Amino acid sequence: QAQLVESGGGLVQAGGSLRLSCAASGRTFSSNAMGWFRQTPGGEREFVATINYSGGTTRYANSVKGQFTITRDNTKNTVYLQMNSLKPEDTAVYYCAARPFLWTSTQPSEYGDWGQGTQVTVSS
């Protein structure tokens, strides 16, 4: 089982940038695909981005394509989400998740370990 700790959330004005980090421990990080999801109050957990075990393959939700970038550093057991040109509709709690397989998935049900979430608030 992986322990995941997100950081980097906060309050930013529209058009600004944030970089979220997710530090992993307790599992062989380099064997896991990783994902970022987000959730608003009363909403379902929504796929944002995913990256395969090596970092060579990434996938994005259409709503963030070209705006967000997911990367990973297997030497630091950390996955990142660079968020640029933020909009008020990007406001949500962002969750990092680990999948015990090498390859990506957009489905929350296919991830076994989750972080506690970090709040991102974008003001207009």
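Computed from a prediction, not measured in an experiment: that's the story for all the values here.
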Lys NZ or Arg CZ of R38 over Y95 ring: under 6.0 Å, within 45°: no

Non-hydrogen atoms of R72 and S54 that approach each other most closely: CD-C, 4.2 Å

Side chain to side chain, W36 and C22, heavy atoms closer than 4.5 Å: yes

Sub-4.5 Å side-chain heavy-atom contact between T69 and Y60: yes

Ring-ring centroid check W114 F37, cutoff 6.0 Å: yes

Polar side chain donor-acceptor pair, Y111 to T50, under 3.5 angstrom: yes

More than 12 heavy atoms of other groups within 6.0 Å of E44 CD: no

Which atom of F47 lies closest to which atom of T106, heavy atoms considered: CB-O, 3.4 Å

Y80-V64 co-clustered via ILVMFWY side chain contacts under 4.5 Å: no

Linked, directly or transitively: I70 and F101 (ILVMFWY side chains, under 4.5 Å): no

For the student: nearest non-hydrogen atoms of V120 and L20, plus distance: CG2-CD2, 4.0 Å

Side chain proximity check, R99 to D113, heavy atoms < 4.5 angstrom: no

Flag for Q82-R19: side-chain donor and acceptor within less than 3.5 Å: no

Validation row: L18, M83 side chains within 4.5 angstrom (heavy atoms): yes

Side-chain touch Q119/Y94, heavy atoms, less than 4.5 angstrom: no

Test salt bridge (charged side-chain N to carboxylate O under 4.0 Å, His left out) applied to E89 - qualifying residues, sequence neighbours left out: none

Stepwise side-chain contact (heavy atoms from CB on, under 4.5 Å) test for T91 and T40: CA-CA 7 Å; T91 295; T40 56; over 6 Å; no

Check: S105/E110 side-chain N/O donor and acceptor closer than 3.5 Å: yes

Derivation of the side-chain contact (heavy atoms from CB on, under 4.5 Å) call for V79 and C96: CA-CA 8 Å; V79 63; C96 169; 3.8 Å; yes

Working for side-chain contact (heavy atoms from CB on, under 4.5 Å), residues S124 and K87: CA-CA 8 Å; S124 57; K87 310 167 189 174; over 6 Å; no

Min side-chain heavy-atom separation L4-M34 under 4.5 Å: yes

Ring center gap for Y53 and W103 short of 6.0 angstrom: yes

Residue pair T121, V12: steps toward the side-chain contact (heavy atoms from CB on, under 4.5 Å) verdict: CA-CA 6 Å; T121 303; V12 64; over 6 Å; no

Min side-chain heavy-atom separation T118-V93 under 4.5 Å: no

Pair S17, N84: side-chain N/O donor-acceptor within cut-off below 3.5 Å: yes

